[in-house]
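Letters go in sequence order (proteins before strands), and every chain restarts at 1.
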2 protein chains.
Amino acid sequence: MRVGHARFDDRIFDETSCGSANSTIRTGPLTLLLRAQKMIRFASKQIIFHEDDPADAVFLFASGTVGQYRFLPNGRRLVAGFLFPGDFAGLSFGERYSLTAQSIAPTAAYSLPRAELNVLCSHSTALQTDLVCLLKQELVSEREAHLPMLHQAAHARVARLLLMLARRKGIDGCNGEAVQLTMTRSDIADYLGISVETVCRSFTKLKEDRLIASSSPDRIWIKNMARLSSLGEGQE
Amino acid sequence: MRVGHARFDDRIFDETSCGSANSTIRTGPLTLLLRAQKMIRFASKQIIFHEDDPADAVFLFASGTVGQYRFLPNGRRLVAGFLFPGDFAGLSFGERYSLTAQSIAPTAAYSLPRAELNVLCSHSTALQTDLVCLLKQELVSEREAHLPMLHQAAHARVARLLLMLARRKGIDGCNGEAVQLTMTRSDIADYLGISVETVCRSFTKLKEDRLIASSSPDRIWIKNMARLSSLGEGQE
DNA sequence: CGTCTCATTGAGAACAATCAACCACGGTGG
DNA sequence: CCACCGTGGTTGATTGTTCTCAATGAGACG
């Protein structure tokens with residue numbers, strides 16, 4: 001895969017402590033707890049946990065990219081979302097994982113057994129409060145990500161994904177930084193709910209319209225943030 | 001509107017204590033706490049809380065139907081979901097509501113100031129655990145509701161909504177009970193992310209194919225649960 | 001009895017899926 | 001070394017689906 005750079009930095013991008021803003025370092029009790037655990041490394045395309053397996057661990061990712069997905073009875077794959085450094089996985093599941101998590105690029109993660117987390121939570125109000133915050137955040141970002149897409153055309157969905165990725169990396173489109181797409185067109189299609197071909201055509205269209213530029217399929221420069229935003233946010 | 005029947009019963013339909021199953025009475029601490037609060041009644045089409053207002057109360061609905069929505073910049077309305085007796089609202093918001101809640105039918109709700117809830121939570125592990133459970137549930141059901149729809153055709157989305165409503169009412173399609181649609185075609189369209197016309201055509205198609213029957217637009221009988229399920233779940 | 005809102009249907013245009021071909025690249029094995 | 005294969009990306013042609021615009025019907029309500 002288009003990997004090899006395994007960027008491992010210590011900065012952790014996530015929402016602020018419990019509020020809203022982005023690309024800030026999270027330092028809640030749960031983050032600190034997880035970062036004290038031992039780290040596991042995954043090569044690309046490895047399964048981190050599998051749907052229907054007992055949900056016996058939670059994860060905090062330190063580097064790499066992870067996709068969470070499941071399958072429709074007809075065989076179509078639904079990608080629920082992508083996880084980046086600073087994101088948690090496993091917090092919201094019940095007895096069993098309801099999604100499969102797979103590394104898309106080489107990934108490092110802190111992991112904590114769920115049983116331990118439960119014990120710690122029952123003794124620490126701070127930890128439990130932090131957990132509530134994280135769940136709320138996850139719920140909000142889930143809503144922000146999926147709801148609007150249900151009402152948007154293909155081009156707009158692609159624009160929205162690019163904006164999300166850019167925001168995560170703190171890219172505003174003014175400086176020369178590129179958005180690195182660690183996932184394949186197929187991953188993107190299964191996330192956006194459109195076909196691979198339509199994803200391609202959308203990228204081509206965005207390039208033609210000079211909203212973005214790219215040297216290779218996985219490096220995208222945002223050339224016109226204003227128009228890309230208004231497309232992605234649903235202005236048009 | 002198609003109102004006037006204001007069915008007010010005391011039964012509360014919701015997921016089990018913290019697990020998964022449906023149409024069971026919830027008796028968690030939070031539910032009990034809310035049910036001890038004073039009840040507010042809303043006529044149809046009243047705003048219960050408004051997007052961007054300070055989120056200073058949580059609600060447990062006892063009767064009626066509520067729609068939660070917000071608007072895209074282009075003016076399209078996104079209906080995030082419908083709330084029924086036994087459902088909570090307001091648990092997942094931060095400082096401000098991120099959705100507007102409006103009664104679709106005459107509605108009764110127990111309400112508790114958020115500040116009070118916070119105090120109570122900080123003194124009761126049971127309450128906080130229950131809150132975590134509810135948030136997890138909300139997250140799971142949000143995912144179950146919206147993710148697959150992103151990948152489904154219009155007919156399947158309508159089928160999915162009918163299945164969801166039937167499940168909420170404990171209707172399995174064998175006995176003669178009808179699904180009562182308290183929301184308008186427009187509400188449904190804005191929830192499913194399709195146009196009103198397509199919603200109509202889907203209902204017509206489902207009737208032609210004898211998956212459902214109806215005497216009036218708001219009363220639907222499920223005639224072939226097997227086929228409706230396989231359509232809604234994404235078998236085809 | 002007009003006027004609303006909501007629901008339904010039709011016709012045409014716009015959109016996205018599918019099927020099919022092709023290119024670029026990175027192995028791998030002869 | 002190079003032919004071969006597999007994967008991922010892109011583009012074209014065709015088909016099917018959905019949207020939009022427009023008209024009409026059915027009730028509710030003043």
Charged N to carboxylate O under 4.0 angstrom, [X] versus [Y]?
{"X": "A/D87", "Y": "A/R168", "answer": "yes"}
{"X": "B/E138", "Y": "B/R143", "answer": "no"}
{"X": "B/D187", "Y": "B/R77", "answer": "yes"}

What is the distance from [atom1] of [X] to [atom2] of [N], rounded to the nearest Å?
{"X": "A/I194", "N": "C/dA16", "atom1": "CD1", "atom2": "P", "value": "8 Å"}
{"X": "A/D218", "N": "D/dG8", "atom1": "CG", "atom2": "C1'", "value": "11 Å"}
{"X": "A/H151", "N": "C/dA16", "atom1": "NE2", "atom2": "C1'", "value": "18 Å"}
{"X": "A/R157", "N": "C/dA17", "atom1": "CZ", "atom2": "P", "value": "8 Å"}
{"X": "A/H155", "N": "C/dA17", "atom1": "NE2", "atom2": "P", "value": "11 Å"}
{"X": "A/I188", "N": "C/dA16", "atom1": "CD1", "atom2": "P", "value": "16 Å"}
{"X": "A/D190", "N": "C/dA17", "atom1": "CG", "atom2": "P", "value": "11 Å"}
{"X": "B/R185", "N": "C/dT9", "atom1": "CZ", "atom2": "C1'", "value": "14 Å"}

Next on the checklist: Tell me if a side-chain donor or acceptor on A/Q102 pairs with a main-chain N or O of A/V66 at a distance below 3.5 Å.
Outcome noted: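 Checked: no pair found.
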
Checklist entry - Taking OP1 and OP2 of C/dT5, is either one under 4.0 Å from a side-chain nitrogen or oxygen of B/K45? => result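 For C/dT5, OP1/OP2 do not have a side-chain N/O of B/K45 under 4.0 Å.
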
Checklist entry - Do A/R185's NZ or CZ and the ring of A/F203 fall within the cation-pi criteria of under 6.0 Å and 45°? => result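 Yes - A/R185 lies over the ring of A/F203, closer than 6.0 Å to its centre and within 45° of its axis.
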
Checklist entry - Under a 4.0 Å heavy-atom cut-off, which of residues 195-211 of chain B touch DNA chain D? => result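 Listed by number, they are B/S195, B/E197, B/T198, B/R201.
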
Checklist entry - Do the rings of B/F82 and B/F84 sit parallel, tilted or perpendicular, given the 30° and 60° boundaries? => result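 Tilted.
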
